[in-house]
Amino acid sequence: MSTHTSPRVVIIGAGFGGLGAARALKEQGITDITVLELADGVGGVWRDNTYPDAACDVPSPLYSWSWAINPAWGRRYSKQPEILAYLRQAAEREGLTDLVVTGAAVVSCVLSPDDQTTWTVTTADGTAYEADLVVSAVGQLSNPVIPSFPGADTFVGPAFHSAQWRHDVDLSGKRVAVIGTGASAIQFVPGIVDDVSAMTVFQRSAPYVVPKPDQAYQGRHHRAFEKWPRLLDVERGVTFRLTELLNAALGGQVKWSKALLATVGAAWKLHLRRQVKDASLRAKLVPDYDIGCKRILFSNDWYPAIAREHVDVVTERVAAVEPNGVRDAAGVLHEADVLIWGTGFAATAFLADVAVTGQDGADLHDAWADGARAHLGMAVPGFPNFFAIYGPNTNLGGSSIINMMEAQAAYVAQVARRLADSDARRVEVRADVYDAYDAEMQTRLSSTAWTGCESWYVDGPRITTNWPGKVSEYQQRTATVDWSELTLT
Ligand code: NAP
């Protein structure tokens with residue numbers, strides 16, 4: 001007979017990952033759940049990224065929880081305020097918000113040296129939480145990176161990262177320097193281009209930017225969704241299947257991978273030709289790597305924005321930041337009043353802000369010194385009763401990460417249920433299973449589109465962020481916990 005029916009679960013992070021995990025645990029009848037969130041509210045990246053025109057490049061009918069299908073989306077590719085409002089409302093409705101402790105920045109997780117089973121999770125203010133199960137859901141894109149250029153801190157005007165947007169800085173009439181041309185920059189540059197007097201965009205690598213089939217949903221759509229809710233399932237299903245084609249192509253899984261990516265490449269070429277008439281600018285915007293190696297970007301207003309008269313695209317490398325601007329490697333100083341870093345996130349530094357001490361004092365970051373890895377992206381031997389949501393090798397090149405996180409949440413919830421129902425107190429992935437899985441990942445990843453260029457997917461010789469298959473494969477592999485892969489004691 002089990003002595004404690006509900007394991008004490010501590011979840012780290014209240015974004016889509018952490019809240020989804022809490023929901024799955026509740027569904028399994030787990031009641032003792034605490035979600036520790038370092039910020040002052042829920043939402044994760046959708047709370048942090050408030051830059052102008054922040055939006056999702058995955059259609060909302062798919063980029064949403066399967067248990068909170070929303071007939072009221074205002075458009076196909078929703079903007080950040082609507083996504084955050086959706087997340088908050090769904091969490092509220094499901095009673096998840098009550099489980100969240102805000103302002104709780106977890107700094108360490110330590111496995112009890114006595115029972116080697118329970119964890120002490122400690123926050124920056126010294127508060128300690130005891131847990132039978134820890135679920136890390138800190139995301140891959142939560143730590144902004146500002147490159148360490150010489151003089152980076154000498155700039156006299158406001159300087160900020162896209163994920164820490166300074167809404168108090170009025171950009172109207174200002175000369176703005178933007179460093180980076182990734183998924184964030186291609187959204188905020190069109191969002192501010194009309195306000196500024198001049199803009200210099202520093203592009204280290206040109207992205208492949210293809211048309212975004214965006215559309216505002218009209219009253220007739222909403223009426224149809226209300227009347228025939230099945231239509232929502234159809235739209236979600238069709239979007240899922242389309243993105244699965246892209247996943248298969250990026251993963252090099254199908255013999256027509258190259259043909260499909262070439263078709264996307266043709267769409268990019270046409271898009272560039274149509275939107276940028278100036279041949280010298282067009283030449284600058286041709287990527288120097290194969291399509292798919294970095295994230296393919298969707299935008300209808302990026303090229304028109306950077307083709308504007310008052311925008312200069314600089315392809316020389318950044319050499320230094322100076323008090324009045326940015327100096328490029330050719331020695332030219334590009335003067336600016338405001339500097340915006342669109343330079344992305346430390347994606348491969350998984351759980352960087354948390355010291356995780358497992359069995360016999362093992363340090364998770366030492367275990368990951370050659371690159372993060374985890375069985376199914378969730379479990380590491382030596383770290384029993386510790387699971388990750390959106391962990392290593394679970395990111396996607398072009399689909400809804402919420403699908404992956406829901407699969408992980410359901411898996412972890414099964415584990416919690418097992419701990420509640422049996423006398424087992426400790427669950428740990430077998431080392432041989434972990435090694436075999438990692439070998440499988442790296443072998444498969446070596447034939448994906450993500451090899452052969454530098455991107456945030458790569459950590460040294462390994463791709464540590466991305467899942468190489470279709471979402472459906474991951475869902476199948478995680479749907480039912482294979483207890484033979486785990487040791488229960
Ligand atoms: P990112 O894709 O990593 O882009 C960073 C940009 O900064 C790149 O252009 C990069 O150039 C440049 N850069 C980095 N270090 C530099 C340096 N030292 N000197 C010059 N340039 C430098 O970051 P992000 O745009 O913030 O997007 C990150 C991820 O967030 C995306 O891939 C996506 O998954 C997610 N995101 C999603 C959405 C969405 O719509 N769902 C929107 C925004 C972000 P290189 O390419 O040469 O490295």
Side-chain angles (χ1 to χ4, degrees), residues 15-16 44-46 48-60 62-64 75-80 82-84 139-150 152 160-165 177-191 200-210 212 214 243 250 285 287-289 292-300 302 306 313-321 326-329 334 339-349 390 394-402 404 450 453-458 465-467:
F16 268 113
V45 292
W46 295 106
D48 293 344
N49 286 268
T50 61
Y51 58 76
D53 277 0
C56 188
D57 60 7
V58 176
S60 296
L62 186 61
Y63 194 88
S64 42
R75 56 187 318 110
R76 179 175 290 141
Y77 290 88
S78 301
K79 297 203 173 189
Q80 174 265 342
E82 192 176 4
I83 297 170
L84 184 59
Q140 291 192 7
L141 299 166
S142 25
N143 282 340
V145 169
I146 294 182
S148 52
F149 292 121
F160 52 88
H161 190 278
S162 59
Q164 296 160 338
W165 198 267
V178 172
I179 300 182
T181 55
S184 301
I186 69 134
Q187 294 182 340
F188 73 72
V189 164
T200 311
V201 176
F202 291 87
Q203 172 190 268
R204 187 167 68 177
S205 334
Y208 285 93
V209 183
V210 298
K212 187 173 187 176
D214 199 7
T243 59
L250 292 170
L285 303 177
D288 61 359
Y289 55 87
C293 193
K294 298 184 194 219
R295 191 175 171 93
I296 298 168
L297 306 181
F298 295 82
S299 174
N300 301 326
W302 165 248
I306 55 172
V313 178
V314 174
T315 54
E316 286 292 343
R317 292 295 171 95
V318 172
V321 176
V326 179
R327 194 171 293 279
D328 70 27
H334 302 268
L339 174 55
I340 305 177
W341 302 97
T343 40
F345 301 87
T348 57
Y390 198 10
T394 60
N395 182 56
L396 302 171
S399 191
S400 174
I401 196 62
I402 295 175
M404 297 291 280
W450 304 307
C453 76
E454 277 298 316
S455 74
W456 61 263
Y457 305 151
V458 178
T465 56
N466 284 13
W467 162 250

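All ligand and atom numbering here is 1-based and tracks the order in the structure.
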Provide the closest heavy-atom pair for P207 versus I186 in the form atom of the first, atom of the second, distance.
CG-CG2, 4.5 Å
Could you go step by step and tell me if N395 and Y390 meet the side chain to side chain donor-acceptor pair (under 3.5 Å) rule?
CA-CA 7 Å; N395 182 56; Y390 198 10; 2.7 Å; yes
Report the C-alpha distance between Y289 and Y208 in whole Å, list the side-chain angles of each, state the deciding distance to 0.1 Å, and finish with yes or no for ring-ring contact (aromatic ring centres under 6.0 Å, His included).
CA-CA 9 Å; Y289 55 87; Y208 285 93; 5.5 Å; yes
Counting each atom of ligand 1 from 1 as listed, which ones have a heavy atom of S184 under 4.0 Å away?
24 (P), 25 (O), 26 (O), 27 (O), 43 (C), 44 (C)
How far does CD of E316 sit from CZ of F202, to the nearest 0.5 angstrom?
10.0 Å
Please list the nearest protein heavy atom to atom 31 (C) of ligand 1 with its residue and the distance rounded to 0.1 Å.
A183 CB, 3.6 Å
A student checking ligand 1 against S205 at a 4.0 Å heavy-atom cut-off should list atoms 45 (P), 46 (O), 47 (O)
Per-atom contacts, ligand 1 versus C56 - under 4.0 Å to a heavy atom:
39 (C), 40 (O), 41 (N)
Specify the protein heavy atom at minimum distance from atom 23 (O) of ligand 1: its residue, its atom name, and the distance to 0.1 Å.
G344 CA, 3.1 Å
Can you sort out which atoms of ligand 1 are near A55, meaning under 4.0 Å from one of its heavy atoms?
39 (C), 40 (O), 42 (C)
F149 to ligand 1, any heavy atom closer than 4.0 Å
yes
Test of understanding: with ring pair (Phe, Tyr, Trp, His ring centres under 6.0 Å), list the residues that count as partners of Y457, not counting sequence neighbours.
W450
For the atom pair CG (D48) and CD (Q164), what is the distance rounded to the nearest 0.5 Å?
8.0 Å
Under 4.0 Å, counting heavy atoms only: does V58 come that close to any atom of ligand 1?
no
Check each heavy atom of F202 against ligand 1 and say whether those closer than 4.0 Å belong to the side chain, the backbone, both or neither.
neither
Find all atoms of ligand 1 within a distance of less than 4.0 Å from any non-hydrogen atom belonging to Y51, and give their numbers and elements.
42 (C), 43 (C)
Looking at CH2 of W302 and OG1 of T181, how far apart are the two atoms once the value is rounded to the nearest 0.5 Å?
5.5 Å
Between E454 and ligand 1, which residue portion shows a heavy-atom distance shorter than 4.0 Å: side chain, backbone, both, or neither?
neither
Can you pull out the closest protein heavy atom to atom 4 (O) of ligand 1? Residue, atom name and distance to 0.1 Å, please.
G182 CA, 3.5 Å
Any idea which protein heavy atom is nearest atom 17 (C) of ligand 1, and the distance to it?
R204 NH1, 3.3 Å
Using heavy atoms and a threshold below 4.0 Å, how should the contact between K294 and ligand 1 be classified: side chain, backbone, both, or neither?
side chain
Classify the contact between S162 and ligand 1 as side chain, backbone, both or neither, using a heavy-atom distance cut-off of under 4.0 Å.
neither
Please determine whether a side-chain nitrogen of the Lys or Arg among D57 and K212 lies less than 4.0 Å from a carboxylate oxygen of the Asp or Glu.
no
Where ligand 1 meets L141 - atom numbers and elements under 4.0 angstrom, heavy-atom basis
29 (C), 30 (O), 34 (O), 35 (C)
Do S78 side-chain atoms and I83 backbone N/O form a donor-acceptor pair below 3.5 Å?
no
Atom 6 (C) of ligand 1 - nearest protein heavy atom and its distance:
G342 O, 3.2 Å
If we set the cut-off at 4.0 Å for heavy atoms, which region of F298 has an atom near ligand 1: side chain, backbone, both, or neither?
neither
To the nearest 0.5 Å, how far apart are CD in Q80 and CD in Q187?
10.5 Å
Interfacing atoms of ligand 1 (cut-off 4.0 Å, heavy-atom, G180)
6 (C), 7 (O), 9 (O), 12 (C)
If I take atom CZ from residue F188 and atom OG1 from residue T50, how far apart are they, to the nearest 0.5 angstrom?
12.0 Å
Do you know which two heavy atoms are closest between L396 and R295, and how far apart they sit?
O-NH1, 3.8 Å
Considering only protein heavy atoms, which is closest to atom 32 (O) of ligand 1, and at what distance to one decimal place?
W456 NE1, 3.0 Å
Which residue and non-hydrogen atom of the protein lie closest to atom 9 (O) of ligand 1, and at what distance in Å?
T181 N, 2.8 Å
Atoms of ligand 1 under 4.0 Å from any heavy atom of D57, numbered from 1 in the order shown, are 39 (C), 40 (O), 41 (N)
When the ring planes of Y51 and W165 are compared, do they come out parallel, tilted or perpendicular, using 30° and 60° as the limits?
tilted
